[in-house]
Amino acid sequence: MTSARAEALIVSPPEDSAAYAGAVRIVETLRRSGHEAYLVGGCVRDLVMGSVPDDYDIVTSARPQEVMDLFERTVPVGAAFGVVLVVAGAKGYQVATYRSDGPYADGRHPVGITYGGVHEDVRRRDFTINGLLMDPGTGRVIDLVGGLGDIRNRRVKTIGDPRLRFAEDRLRMLRAVRFAATLDFFLDPEAVAAIREEAPLIRGISAERIREELTKILTRRGLRRGMELMMETGLLEEILPEVAALSGVGQPPDYHPEGDVWEHTLRMLDLMPQHAGPAWEATLAWAVLLHDVGKAVTLHRDERGVHFYGHDRIGARMAQEIMGRLRFSNAETEAVLDLIANHMRFIHVREMKTTTLKRFLRMPRFDLHLKLHLLDCLGSHGNLENYEYCLSMLREMPPETLSPPRLLTGMDLQDMGFLPGPLFKEILGAVEEAQLEGRVSTAEEARRFVLEHFGDQRRTPP
Ligand code: ATP
Ligand code: MG
């Protein structure tokens, strides 16, 4: 290839970083054995931007077998692609042999790879900002692809023609959106145009890869913009048409002065870093994205205005379909569905009878339910009365009041002369209810309560 105008820059390593020190040692070990080796990719981008990388990737002229011979603890994670994981201390480092990728037959994986030199290796990478090399000994950054200029100009630009690069690996379209969103960079207009044209091809990518990229967008800063870019580029319509359909779904202005359901959803996403904690969870983020997905299909107008009857229940069903399609685990899916199905119940907390309220407040992961509700309010009318009410009730009712120890078991009921069967559930439920209402608080009182209300249904003499 024609060598790009190489630009050089010296960056200083992060202070007190064991992970960085580990990467330096690996590079030095490779070099002492006569190989070339550099830090590469996202970690160099992060260092140039003054942030501390999560992990470090290394490229080298050494072949995988040579890498495995040089280090004690290695795992051939991507043997077919020349990638070896070197474990040092508590960290794993991906050490990749210089390579160029063969033709991509299916828009997903290269047919084969060829080992080559450092130039080929950086040219096969996706974006210029991800194609930087660094010599960790001196801190010198080597830029063969124009990445430094693009970091300065805050631009996500493919290495080479975006159409060709997206055709090779369609996931790069989503990655482009992700880097623009999380780094707060703009997307090169040519890349935007290419994504708009090729967006339907994203469907050929595996559900798992798509899900992981989306989750990364949703759990990092810039998530509102990430979702806006998804909408603008047409990727959202391809991947989550149910969410794209929220745009233009108008809502009653008294509760939703912010605008349509899409704007409401975007506002909630935007508020997440500030109000849901610095490390908000994927479960909550997906619940926010999908919580009102039922509104597009339940929209109903009558003389009293616009309604979305049952949008929580129908939305949960739609979310189940969506998450199944994206191959979420059952546990993740259930957690999100639970949040969606219950999100409207907050409206009624102040009228709930004690038992219902206690059962509501002790739902698993109530903290997430409460955060979703907080974001729902802040992303619309801003009225926090129900939220504050839940907080004050939680303060008033310590865990032992919310989930008091069981007073009776099925064994106790048998001893009292009841026959096991569906009746047990009914009786134990009634005892719990009486307990939550404060009408019984000891086993003795519970027995008396059972005899009083269910005594005539005993089958065997006690
Ligand atoms: P982060 O880890 O913060 O998501 P990253 O840039 O480290 O960002 P990774 O997915 O960890 O991204 O990939 C590491 C490097 O591998 C990238 O910086 C890029 O150089 C290259 N890379 C990753 N995925 C692709 C891809 N689909 N096409 C081309 N190059 C890629
Ligand atoms: Mg990375």
Side-chain angles (χ1 to χ4, degrees), residues 14 19-20 23 38-60 77-78 80-85 91-104 106-111 113 118-134 141-148 150-151 156-185 191 194-195 198 201-202 204-206 208-223 226 282:
Y20 183 80
Y38 300 97
L39 299 184
V40 70
C43 64
V44 183
R45 177 198 70 220
D46 292 346
L47 289 170
V48 169
M49 293 181 67
S51 49
V52 180
D54 286 331
D55 34 45
Y56 293 87
D57 295 326
I58 292 159
V59 270
T60 178
V77 279
F81 298 100
V83 183
V84 174
L85 187 79
K91 268 262 183 225
Y93 300 84
Q94 298 222 345
V95 179
T97 303
Y98 293 154
R99 67 168 207 255
S100 56
D101 293 335
Y104 282 70
D106 57 356
R108 284 172 291 177
H109 333 88
V111 175
I113 61 157
V118 70
H119 283 83
E120 285 90 27
D121 192 279
V122 291
R123 302 286 308 174
R124 73 164 176 88
R125 292 174 183 273
D126 47 9
F127 305 107
T128 60
I129 56 172
N130 288 348
L132 297 169
L133 300 161
M134 176 181 164
V141 174
I142 302 156
D143 180 9
L144 305 171
V145 293
L148 284 175
D150 284 333
I151 290 179
V156 177
K157 191 171 185 294
T158 52
I159 297 176
D161 181 348
R163 274 185 190 73
L164 296 179
R165 303 310 311 280
F166 294 149
E168 284 172 0
D169 178 0
R170 299 159 189 171
L171 190 74
R172 289 174 189 154
M173 297 191 280
L174 260 182
R175 287 174 59 86
V177 166
R178 167 157 75 88
F179 289 115
T182 54
L183 299 171
D184 193 19
F185 279 20
I195 299 175
E198 310 294 343
L201 297 178
I202 196 71
I205 291 294
S206 80
E208 289 80 358
R209 289 180 81 198
I210 292 179
R211 181 191 70 219
E212 275 168 25
E213 282 303 322
L214 285 176
T215 297
K216 281 186 183 174
I217 296 176
L218 288 169
T219 51
R220 298 179 186 191
R221 290 194 167 268
L223 65 171

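Atoms within a ligand are numbered from 1 in the order they appear, just like the ligands themselves.
Protein heavy atom in closest approach to atom 16 (O) of ligand 1: Arg125 NH1, 3.4 Å. In this structure, the protein non-hydrogen atom closest to atom 2 (O) of ligand 1 is Asp55 OD1, 4.5 Å. At the shortest separation from atom 28 (N) of ligand 1 among protein heavy atoms lies Arg172 NE, 2.7 Å. Of all protein heavy atoms, the one closest to atom 6 (O) of ligand 1 is Arg45 NH1, 2.9 Å. For atom 19 (C) of ligand 1, the closest non-hydrogen atom of the protein is Asp126 OD1, 3.6 Å.
When each atom of ligand 1 is checked for a heavy atom of Asp57 under 4.0 Å away, the hits are 14 (C). For ligand 1, the atoms closer than 4.0 angstrom to any heavy atom of Gly41 are 18 (O). Listed by number with element, the atoms of ligand 1 under 4.0 Å from a non-hydrogen atom of Arg220 are 3 (O), 4 (O). Of all the atoms in ligand 1, the ones that sit under 4.0 Å from a non-hydrogen atom of Gly42 are 5 (P), 6 (O), 7 (O), 18 (O). Atom numbering of ligand 1 starts at 1 in the shown order; those under 4.0 Å from a heavy atom of Phe179 are 6 (O), 8 (O). Below 4.0 Å from some heavy atom of Arg124 lie the following atoms of ligand 1, by number and element: 29 (C). Less than 4.0 angstrom separates some heavy atom of Arg178 from each of these atoms of ligand 1: 1 (P), 4 (O).
Counting non-hydrogen atoms of other residues, nucleotides and ligands closer than 6.0 Å to CZ of Arg108 gives a total above 12.
Using 4.0 Å as the threshold, Leu171 has no heavy atom nearer than that to any atom of ligand 1. Within the 4.0 Å heavy-atom cutoff, Phe127 does not count among the residues contacting ligand 1.
Between Arg175 and ligand 1, a contact under 3.5 Å exists for at least one N or O pair.
Here the straight-line distance linking atom CZ of Arg45 with atom CG of Leu132 works out to 9.5 Å at 0.5 Å rounding. Atoms CD1 and CG, on Ile202 and Leu174 in that order, are 4.5 Å from each other to the nearest 0.5 Å. Note: Ile159 CD1 to Phe127 CZ = 9.0 Å, rounded to the nearest 0.5 Å. Summarising the geometry, atom CZ belonging to Arg170 is positioned 10.5 Å from atom CD1 belonging to Ile210; distances are rounded to the nearest 0.5 Å.
Using a 4.5 Å heavy-atom threshold, the side chains of Arg220 and Arg178 count as touching.
Each of Val141, Val48, Thr128 was checked for a side chain to side chain contact (heavy atoms under 4.5 Å, CB included) with Ile151, and the lone residue meeting it is Val48.
Taking a cutoff of 4.0 Å between a charged side-chain nitrogen and a carboxylate oxygen, Arg123 and Glu120 do not qualify as a salt bridge. Between Arg209 and Asp169, at least one side-chain nitrogen of the basic residue sits less than 4.0 Å from a carboxylate oxygen of the acidic one, meeting the salt-bridge criterion.
For atom 27 (N) of ligand 1, the choice among Asp169, Val59, Thr158 with the nearest heavy atom turns out to be Asp169.
Geometrically, Arg124 does not engage Phe81 in a cation-pi contact, judged by NZ or CZ lying under 6.0 Å from the ring centre and within 45° of the ring axis.
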